[in-house]
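By convention in this document, chain letters (A, B, ...) are assigned in the order of the sequence lines, proteins followed by strands, and residues within each chain are numbered from 1. In this text the structure is predicted, and so the values were computed from the model without any measurement.
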Number of protein chains: 2
Amino acid sequence: MSAHPGLAYPCLDTPRERAVGYDAVMETELAPARTGGRLVELGPGLALPGFTLTLSPNEEAFGEEEEADFVYKVLSGAVRTTRLLSDGRRQIGAFYLPGDVFGLEFGPVHRFSAEAVTQTDVAIVRRSAVERAAERDPAIARQLWTLASHELADLQDHMLLLGRKNASERVASFLLKLSRRAHSRVIELPMSRCDMADHLGLTLETVSRTMSQMARSHAIDLPNARRVVVHDLEALAA
Amino acid sequence: MSAHPGLAYPCLDTPRERAVGYDAVMETELAPARTGGRLVELGPGLALPGFTLTLSPNEEAFGEEEEADFVYKVLSGAVRTTRLLSDGRRQIGAFYLPGDVFGLEFGPVHRFSAEAVTQTDVAIVRRSAVERAAERDPAIARQLWTLASHELADLQDHMLLLGRKNASERVASFLLKLSRRAHSRVIELPMSRCDMADHLGLTLETVSRTMSQMARSHAIDLPNARRVVVHDLEALAA
DNA sequence: CGCAGGTTTGACTTCACTCAATCGGCGTGG
DNA sequence: CCACGCCGATTGAGTGAAGTCAAACCTGCG
């Protein structure tokens, strides 16, 4: 689960074995620590019975092409959704922080795999339960559409970022988004430089250099590698 | 509608005036040629009353931030959805070809503007009619989810392309997708090199060079600038 | 203390961008 | 019919932003 051969692609363990053998993880349906049932609040006024479980760093919640049988909500920690090219190049679709719902699909299968960035508690609800609730109650259906809507909006913003922004604009946009989301100038980065790079379509070195440069120009403070104080990024974010 | 000042950004007319004054186009609700009512088939078994209209090249169907009151289907021609950065950099989200549905939003407003690439006939259906139909008939609701699902899948594929593929992989993927969609090795490109570039996150020169190189290596034929015969692109598409 | 992981920094390379000239097809008007 | 101009596409030369490879640097931990 941790050792792996010297692979061309830089960061992260299990880039390859995941792609071929991830289903082993789920073979007992939900292998990791599964605690008792409870009500899970997927959105405002959208509470459904479900379970919670704990994922250790880099552990998978679900894999690409797997049946999308559950909907997830982050309780603590952070989750990333990833997609791989056959040669190991990786794209991180999004990061999900406490309160965020992920794994909500339109189709029958997941199009990304989802892994814990750090130790993470997630709540899960059976998709069938969600769908039944949505059919019963139009307000719930609307809630789900709102969730999907925000997700899609993020995705489209990100497409513009990947297609047309340069390195410092990408990093600035990303940090700014985290800062807004946290309602704070001080942000704690749960993810590595490599995760950021794979999200922003850059290399980890470029991310690091860009952040150092931002610190030098006092656009941010960087008390340590995983903590950022945002000062003046609006102008850089394009 | 065609003359415009010398602008930093290369291609296409009305890059700037669109962003500020597009609503003028729609001020009479639906200004362009609007022909009589008819049944519009949005999906298999999803026919609703609507209208058809004709858009001339570069004419807008709707603008970013506009109310999403209609759902559209391409009857002939081609449509692109675009998003602009304040300095004019442009990202084309997707191209829609005959049979494709676009403008279907989760939220109340459009997040992209949509413009005709060439002269284009589109059918439009009131969104409220679509929503009412979906509430009446779960099969229709499922149809809509399927449409949304495919759209999202495309978007996610495209994110991987923009984040992690190089120029020739991008162009190859794009041409291959068009070829599959047309069920033909011979494809007719309705869009300019610049449109392709703004979709693929490249410059028009790089797109042109890449296609020339593919022709030289016999991966494609290029009988003329707007026609491509696909021979051997799978290996290049990554 | 020493190792392992992630991070930073440096030197060098390269892929794609920029700027600019040329080409080619098409429509218009002499 | 041909010449001209226009617009998009192509090609070339040179540059630069980000990538690659590699070394050094932290920081936490056994």
Tell me: CG of B:Leu222 to C1' of D:dG8, nearest whole Å?
14 Å

Using ring centroids (six-membered ring only for Trp), state whether B:Phe62 and B:Tyr72 fall under 6.0 Å.
yes

For the side chain of A:Ala167, counting heavy atoms from C-beta on, which of D:dA18, C:dC17, D:dT10 is nearest?
D:dA18

Of the candidate nucleotides D:dT10, C:dT9, D:dT11, which contains the atom at the shortest distance from the side chain of B:Arg216?
D:dT11

Rounded distance in Å - CE (B:Met211) to P (D:dT10)
7 Å

Whole-Å gap separating C1' (D:dG12) and CD (B:Gln213)
15 Å

I need the minimum non-hydrogen distance between A:Asp195 and A:Phe95, along with the two atoms involved.
O-CZ, 3.7 Å

I need the CG-P distance between A:Leu189 and C:dT7, as an integer number of Å.
9 Å

Does the ring center of B:Phe102 lie less than 6.0 Å from the ring center of B:Phe112?
no

Can you tell me if the side-chain N/O atoms of B:Thr206 get under 4.0 Å from OP1 or OP2 in C:dA16?
no

Do B:Asp157 and A:Arg83 meet the salt-bridge criterion of a basic N to acidic O distance under 4.0 Å?
yes

dist B:Thr52:OG1 -> B:Lys73:NZ (nearest 0.5 Å) comes out at 13.0 Å

Select one nucleotide: of D:dT10, D:dG19, D:dA9, the one nearest the side-chain heavy atoms of B:Ser212.
D:dT10

Numerically ordered, the residues 223-238 of chain A set in heavy-atom contact under 4.0 Å with DNA chain D is none

With the side chain defined as heavy atoms from C-beta on, B:Ser192 is closest, among D:dG8, C:dA16, D:dA18, to D:dG8

Identify the residue among A:Asp154, A:Leu161, A:Ile187 that makes a side chain to side chain contact (heavy atoms under 4.5 Å, CB included) with A:Lys177.
A:Asp154

Can you find a pair of side-chain heavy atoms, one from A:Val228 and one from A:Met211, that are under 4.5 Å apart?
yes

Any N/O donor-acceptor pair, B:Arg193 side-chain to D:dT11 base, under 3.5 Å:
no

Nearest-0.5 Å distance, CG of residue A:Leu155 to CG of residue A:Leu160
12.0 Å

Can you give each donor-acceptor pair under 3.5 Å made by side-chain atoms of residues 231-238 of chain B, sequence neighbours left out, with the distance rounded to 0.1 Å?
unit_1	atom_1	unit_2	atom_2	d
B:His231	NE2	B:Asp221	OD2	3.2

Got a second to check how far A:Thr210's OG1 is from A:Leu202's CG, nearest 0.5 Å?
6.5 Å

Between CE of B:Met196 and C1' of D:dG8 the distance, given in whole Å, is 14 Å

Can you tell me the distance, in whole Å, between the CE atom of B:Met214 and the C1' atom of D:dT10?
16 Å

Please report how far the helix from C:dC1-D:dG30 to C:dG30-D:dC1 bends, comparing the axis fitted to its first five pairs with the axis fitted to its last five, to the nearest 10 degrees.
20°

Measure from CD on B:Glu205 to P on C:dC19 and round the result to the nearest Å.
10 Å

Between C1' of C:dC15 and CG of A:Asn166, the distance in whole Å:
16 Å

Counting only distance, no hydrogens or angles, is the base of C:dT18 paired donor-acceptor with the side chain of B:Arg209 under 3.5 Å?
yes

Would you say A:Thr203 reaches D:dA18's phosphate, i.e. side-chain N/O to OP1/OP2 under 4.0 Å?
no

